[in-house]
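Counting begins at 1 with the first residue of the sequence. For ligands, and for the atoms within them, numbers begin at 1 and follow the listed sequence.
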Amino acid sequence: MKRSLLWLPSLLVYALLASLLAAPLRGAPAAIAIPDNHGAEVAEAVLRDGGNAVDAAVATAFVLAVTYPEAGNLGGGGFITLHHQGIDRFLDFREAAPGRASRDMYLDAQGNYVAESSLVGHRAAGVPGTVAGLWEVHRQYGSRPWKTLLQPAIRLAREGFVPHPQLIERTREAFADYEGKTNFREYFGEMAEADASRQPFRQAELAATLQRIAEQGPRDFYAGRTAELLVAEMRRGGGLISRADLRSYRAIWRTPLQFSWRGYTLVTAPPPSSGGIALAQLLGMKDALAAEFKDSPYLSTRYVHLIAEIEKRVFADRAEYLGDPDFVKVPVKELVATEYLQQRAQQVNRTAISPPPSVKPGLAESLQTTHFSILDSAGNAVSLTYTLNGSFGNGVVVGGAGFLLNNEMDDFSVKPGVPNLYGVVGATANEIAPGKRMLSSMTPTILLKDGVVHGVLGTPGGSTIFTSVFQTLVNLFDHGMTAPEAVSAPRFHHQLIPGTLIIVSRCCNLPEKTRAELVAMGYEVRQNSWEFGDMQVIERTPNGGLAAAADPRGRGQARVIELTSRTAKPVEPRSRPAAVAE
Ligand code: DON
């Protein structure tokens, strides 16, 4: 017997054990928190059928590309934080700058930013990563056939679905942005009529694209018929994505950012997202100021001010140090070190607003995204955030292929100091270069307790993503809220520039007294024009059960799924706590 074959029996035992561990256990509940009902139904069906969290995530992500076109996508990119059989991984399928992109590509001859150039139309698109990412996670961790997982999306595209009123409203709003500039109305015009007729909205070209992807995998998207259609669309509109860009695109496994917090381990997004570093900094600085927070009741003026001061420092570091780690050296360890955060927290001004010029990066040396959370009955978890960047991306539908392209190039710093769609600035670390991935704020996160998944959460919201994840964790842990309470509570956000602006979520404002006192301190408190965040949370409850909550700001559904019973228990978000300790 060959020496190597001696390993065979133990390998077989190992493989058997591993598959037993990975197979969802009948009886243990699973949970999902998903931004629309079509996605939720499909995720539940896959889990009931014995699929694991990755299978449910792949099927759901393709469904959202059909039923949640503002953000669900084939033409965008994103991240997955994964816990599978006790192993934690992070998959980066972020878009990349095309080979022909260049640092100043959105500036005119005078060096000024050309309005909308990184946001609307063909030149705003980065090389899409979603299909490569979903294939990669499926290839390594999926347990159901790829083709089967795409069937629900194909059916919904071919047979149609009745659009949700929120989707119809968002589509109508988008017409104004793209009118006369892209082919958006040609593809989504019918959506505007949809509620009157209650007719299903069908997407035949998209169905055919999904069918090709089901049969050929990513080869079709990156080198086959879909690639041809995408490159032809680029030629029609002066876009930069080439055949070579598509062929060379790869999803990348990265080491997730992990840090300890209150006896838990947080597993979250490393660069090219700023989200994980920012979350570690927010939680770390808040803990360093525990004494101050003790005297600052939830949503009081001092509470909001202290958090705004912390956020200022996070955004100063973000703008200076963070970018694609394959292009710039990101000092991750230094930025999340406890001593650094303690020292940085001491710079917080307890009583007055620190003006932006006084808040420097701290190291001593030189609008629409979507998220879903899935936990299967074997304890495997997927936290997935993906995006086209702005709602409906750059507004360009790939002719003949029926899917929207992203405007993720706007997440680069197009020029030092020029704010992007979300008002954040950057410097050289996040400047454009061919093949580089633009800095993100997406923060798909998993919370572990002694190696077991305790929570899964994430949200869209551009630069408000990590401040929202932070506030949701604080709501759960510091303020003892249930998952539905934590996602529906008011959220606020400050990001250094403008130096005195605090934005609050559209649905739920801060208490009136807090607002008045913040204004008296010199802040401007503004309700955001768009609703930031659509938090999707799964949490293990103190009695060992599961709770799941979908943000009432969106149209999501959360369910705890008892696999032994026939019907899942939908979890209704509680009514919003409109009046919070006024
Ligand atoms: O990667 C990022 O940080 C942004 N492109 C995310 C955009 C987003 O969340 C839009 N949602 N409202």
Undergrad: Within 45 degrees of the ring normal and closer than 6.0 Å to the centroid, is that where the cationic atom of R555 sits relative to Y68?
TA: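 R555 over Y68 ring: yes.
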
Undergrad: Would you call the rings of H84 and Y141 parallel, tilted or perpendicular, where under 30° means parallel and over 60° means perpendicular?
TA: tilted

Undergrad: Quick one: list whatever passes salt bridge (Lys or Arg N to Asp or Glu O under 4.0 Å) with R491, sequence neighbours left out.
TA: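 Salt bridge (Lys or Arg N to Asp or Glu O under 4.0 Å) check on R491 returns D551.
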
Undergrad: Which atoms from ligand 1 have a heavy atom of N389 less than 4.0 Å away?
TA: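 Selected atoms, number and element: 4 (C), 5 (N), 7 (C), 10 (C).
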
Undergrad: If we set the cut-off at 4.0 Å for heavy atoms, which region of M438 has an atom near ligand 1: side chain, backbone, both, or neither?
TA: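 M438 to ligand 1: no contact under 4.0 Å from either part.
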
Undergrad: Tell me whether the guanidinium CZ or amine NZ of R185 lies under 6.0 angstrom from the six-membered ring centre of F175 and within 45° of its axis.
TA: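 Positive - R185 is close enough to the ring of F175 and near enough to its axis.
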
Undergrad: Answer whether the closest heavy-atom distance between the side chains of V58 and V137 falls below 4.5 Å.
TA: yes

Undergrad: Suppose I only count heavy atoms of D411 and a 4.0 Å limit; which atoms of ligand 1 are within that range?
TA: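 Per the distance check, 1 (O), 2 (C), 3 (O), 4 (C), 5 (N).
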
Undergrad: Would one find an N or O of G462, backbone or side chain, under 3.5 Å from an N or O of ligand 1?
TA: yes

Undergrad: Return yes if a side-chain donor-acceptor contact under 3.5 Å exists between Q258 and T265, otherwise no.
TA: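 No, because no side-chain N or O of Q258 sits under 3.5 Å from a partner of the opposite role on T265.
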
Undergrad: Which bit of E95 gets closer than 4.0 Å to ligand 1, counting heavy atoms only: side chain, backbone, both or neither?
TA: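 It is neither; nothing of E95 touches ligand 1.
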
Undergrad: Are any of the N/O atoms on T369, whether in the backbone or the side chain, positioned under 3.5 angstrom from an N/O atom of ligand 1?
TA: yes

Undergrad: With a 4.5 Å cut-off on side-chain heavy atoms, are N420 and S413 touching?
TA: no

Undergrad: Considering only heavy atoms of S441, which atoms of ligand 1 have at least one such atom less than 4.0 Å away?
TA: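 Close to S441: 1 (O), 2 (C), 3 (O).
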
Undergrad: Select the closest option to atom 1 (O) of ligand 1 among S440, P272, G461, G78, judged by heavy-atom distance.
TA: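 Among S440, P272, G461, G78, the closest heavy atom to atom 1 (O) of ligand 1 belongs to S440.
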
Undergrad: Need the ligand 1 atom indices (1-based, order shown) with element for anything under 4.0 Å from a heavy-atom of I465.
TA: 9 (O)

